[in-house]
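Taking it in order: structure first as structure tokens, then the write-up.
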Amino acid sequence: MLKTKSLYILLVIAINNFAVGVPKPEDKHEKILHEKEHYKNEEHNKEYDHEAFLGEEAKTFDQLTPEESKRRLSLIVDKIDKNNDGEVDFEELQGWIKYTQSKYLTNDVDKQWKTHNVAGSEKITWDQYRKSVYGFSEDNEAMELDLNEELGGYSYKAMLDRDRRRWHEADEDSDGALNREEFAAFLHPEEAGRMKNIVILETLEDIDKNKDGKISLEEYITDLYHQNIEDGEDLPDWVKSERDQFTSYRDKNGDGFMDADEVRDWIFPQGFDHAEAETRHLILESDSNDDQKLTKEEILNKYDLFVGSQATDFGEALTRHDEF
């Protein structure tokens, strides 16, 4: 879900001696799936289901006709049906969703490991990563590139400090360099149990616009609604519902704010399993005879729920007979 690069191009023109490769914050780390809204503006967000079902293959949109989407989906269903009984049960579908997420993470770590570790070393140092990603190696250069006020851009010093903090948290043996496993924790902290505190802290910092260390109702709604809320404005019902969610469930101690512990409960709800919840949702929406299993016909009848018109380019994986 990379954003447009217009600001980045402008920065490259302005500071081409240093800025080649300097990322925007949202370009550097993918947003985790369970942070994405399953429902947007009262409407079911099928993109959420597509990414859960297809993983990284869901990034290409509107390339296939419905007929071709159904044909490729049919091949995917054959892969999911491990026991070849003509039906996809709960365990098979849940296993597939976990597989697609795992495949995305593995591929992403492999790609970035090779990008930032051109020498093929066993570890990557912080200075190597900083130069590879930001194009500079000294903090004073980061301060010189801080165009936050001039161009309405981002503070590269703040970005650098944030990455350094995450790097140190991922560096389990505290030697200043990351092996591949530690690097994976750095790139995808939401998938590493020991990195949860960093995910919570970064989430709080992203939403806490006035930097008082907590999230107000206004900050919470603004982060979801992404529009200026004027006095007397008639808000959509889903926004009103989120207000109630904040007051009744998010703000557990009733002080009008979400603190770090309440953010933890929000983004890492105890006992919640994303793959299990998504599997139940897909079966509920597609199981026309209520037998808790899906035939290929039932899945194809709801093809837009699973893949829509997206390019389900599993051809390469199918040809290679990837293990699943």
Side-chain angles (χ1 to χ4, degrees), residues 1-32 35 108-109 111-119 121 123-192 194-213 215 223 260 263 267:
M1 37 182 264
L2 297 182
K3 308 295 186 182
T4 59
K5 297 286 187 177
S6 56
L7 175 59
Y8 170 62
I9 293 172
L10 181 60
L11 290 172
V12 169
I13 293 172
I15 49 177
N16 55 47
N17 288 333
F18 298 104
V20 176
V22 175
K24 290 158 59 179
E26 62 267 38
D27 289 340
K28 291 175 63 273
H29 303 294
E30 292 283 349
K31 196 169 185 180
I32 57 181
E35 284 183 342
D108 184 58
V109 173
K111 179 178 67 176
Q112 298 216 42
W113 179 258
K114 292 175 182 176
T115 297
H116 303 300
N117 185 22
V118 292
S121 304
K123 292 191 173 187
I124 303 175
T125 67
W126 164 249
D127 199 51
Q128 286 174 318
Y129 178 80
R130 177 165 57 175
K131 284 192 283 189
S132 175
V133 171
Y134 291 92
F136 50 79
S137 59
E138 299 296 334
D139 284 350
N140 62 336
E141 293 178 8
M143 295 177 68
E144 290 175 7
L145 294 181
D146 188 350
L147 303 182
N148 196 45
E149 294 183 358
E150 289 85 348
L151 294 178
Y154 298 98
S155 167
Y156 291 102
K157 180 64 166 61
M159 290 168 59
L160 190 64
D161 290 344
R162 178 165 164 150
D163 265 1
R164 184 190 287 111
R165 182 181 64 192
R166 187 192 283 197
W167 185 277
H168 288 321
E169 190 74 15
D171 184 12
E172 196 165 19
D173 58 9
S174 301
D175 67 350
L178 303 186
N179 60 30
R180 193 185 181 285
E181 182 179 349
E182 292 169 332
F183 188 65
F186 170 75
L187 291 177
H188 298 283
E190 72 283 352
E191 298 299 324
R194 63 187 179 86
M195 298 288 288
K196 280 187 177 181
N197 287 338
I198 281 291
V199 178
I200 294 164
L201 179 59
E202 290 181 0
T203 300
L204 195 155
E205 289 175 344
D206 287 341
I207 303 176
D208 174 25
K209 300 305 182 186
N210 66 3
K211 306 306 177 187
D212 63 354
I215 298 173
D223 184 68
V263 171
I267 63 176

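As the structure is a computational prediction, the values presented were derived from the model and not from experiment. Throughout, residue positions are numbered sequentially from 1 according to the sequence presented.
Within a 6.0 Å sphere centred on NZ of Lys211, heavy atoms belonging to other residues, nucleotides or ligands number more than 12.
Legend: residues meeting side-chain hydrogen bond (donor to acceptor under 3.5 Å, both in side chains) with Glu169, ordered by chain and number and at least two apart, are absent. Residues passing the ring pair (Phe, Tyr, Trp, His ring centres under 6.0 Å) test with Trp113 are Phe183, sequence neighbours excluded. Listed by chain and number, the residues in a side-chain contact (heavy atoms from CB on, under 4.5 Å) with Glu205 are Arg162, Arg165, Leu201 (sequence neighbours excluded). For Thr125, the side-chain hydrogen bond (donor to acceptor under 3.5 Å, both in side chains) partners at least two apart in sequence or on another chain are Gln128. Taking the side-chain contact (heavy atoms from CB on, under 4.5 Å) definition, one finds that Asp175 meets it with Lys123, Asp171, Asp173, Ala177, sequence neighbours left out. Under the rule for a salt bridge (charged side-chain N to carboxylate O under 4.0 Å, His left out), Glu181 has no partner lying at least two apart in sequence or in another chain.
Closest approach of His116 to Ser132, counting heavy atoms only: ND1-OG, 2.6 Å. Between Leu160 and Trp126, the closest heavy-atom pair is CD1-CZ2, 3.8 Å. Nearest heavy atom pair, residue Arg194 against residue Ala185, reads NH2-CB, 3.8 Å. Between Asp108 and Leu187, the closest heavy-atom pair is OD2-CD1, 4.4 Å.
Taking 4.0 Å as the cut-off between side-chain N and carboxylate O, Arg166 and Asp163 do not count as a salt-bridged pair.
In this structure, Lys196 NZ and Ile267 CD1 are separated by 9.5 Å, a value rounded to the nearest 0.5 Å. Residue Lys209 holds its NZ atom at 10.0 Å from CD1 of Ile215, rounded to the nearest 0.5 Å. Between the CG atom of Asn117 and the CG atom of Asn179 there is a distance of 11.0 Å, given to the nearest 0.5 Å. The structure places CG of Asn210 at 5.0 Å from CG of Asp208, a figure rounded to the nearest 0.5 Å. Leu178 contributes atom CG, which lies 10.5 Å from atom CD of Glu172 (distance to the nearest 0.5 angstrom).
Ring geometry, Phe186 versus Tyr129: the interplanar angle exceeds 60°, so the pair is classed perpendicular (tilted spans 30 to 60°).
Looking at heavy atoms from C-beta onward, Trp167 lies out of side-chain contact with Arg130 at the 4.5 angstrom threshold.
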